Amino acid sequence: SQQGEEDPQALSIQEGENATMNCSYKTSINNLQWYRQNSGRGLVHLILIRSNEREKHSGRLRVTLDTSKKSSSLLITASRAADTASYFCATDGSGGFKTIFGAGTRLFVKA
Amino acid sequence: DVKVTQSSRYLVKRTGEKVFLECVQDMDHENMFWYRQDPGLGLRLIYFSYDVKMKEKGDIPEGYSVSREKKERFSLILESASTNQTSMYLCASSSRLHRGDTQYFGPGTRLTVL
């Protein structure tokens, strides 16, 4: 199974609402990253949180990491239609320098 | 800004054809990666390279080969394309061989094999 698994698979909200996506993983990590992918495009790096950090902010993004539960969450505040995209968490795998991506959460923000 | 480019956005090939997908990065990154992305499966690593002429198999290398003759260029080769290789192919690069280092992605090539 995937090292990083996002939940929910899909999320539909109104513009202005907050969106929360969760990621669970199985093995110990050095860091966890979140990426965004607009439809039919490549992935864009959003934020990286290290295993010794619990929370990190970047603009309207807030990421938390709970290593005891092997989980992370991505919160997008005051969402906009332009936030419509798929969001992936990615972890460093236990076997060297691979980055392992989850299947993603599809976010749809209605204007 | 880091720029990763891929030779084609869309490609249609026939079964049995040899297919070349090219990726170029302009940031002097040591590491380059090829993934395929299929609905519900996320990104799966095909091959990666940590230096010129060096390559390592990823999770799904069967049916693919790669070439890295120059630091900025990483090519994915489908020796004999098959319909189950219809997919979105994403190239990425990163600067250091550090666990989980940030990767920079190209726009992707959507390949259809008929």
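FYI, side chains are in, hydrogens and waters are out, and symmetry mates aren't considered; it's all heavy atoms of this structure. This structure is a prediction, so every number in the text was calculated from the model and none was measured. In what follows, every chain begins at residue 1, and chains take the letters A, B, ... in the order their sequences are listed.
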May I ask you to check whether over 12 heavy atoms, not counting those of [X], lie within 6.0 Å of atom [atom1]?
X        : atom1 : value
Glu79(B) : CD    : yes
Arg60(A) : CZ    : yes
Arg9(B)  : CZ    : yes
Lys57(B) : NZ    : no

Hphob cluster co-occupancy, Leu65(A) + Leu74(A), side-chain heavy atoms under 4.5 angstrom: yes
ILVMFWY network linking Val24(B) to Tyr35(B), side-chain heavy atoms under 4.5 angstrom: no
Chain B contact via Gln37(A) - which portion, at a heavy-atom distance below 4.5 Å: side chain
Per-residue contact mode, Gln6(B) against chain A (heavy atom under 4.5 angstrom): neither
Nearest atoms (heavy-atom pairs only) where Gln103(B) meets Tyr35(A): N-OH, 3.0 Å
Residue pair Ala103(A) / Gly40(B): nearest heavy atoms and the distance that separates them: CB-O, 3.8 Å
Flag side-chain contact, heavy atom, 4.5 Å: Arg41(A) against Met88(B): no
Rounded distance [0.5 Å steps], CZ in Phe48(B) versus OG1 in Thr99(A): 10.0 Å
Residue of the set Leu90(B), Leu43(B), Leu41(B) for which side chain to side chain contact (heavy atoms under 4.5 Å, CB included) holds with Phe101(A): Leu43(B)
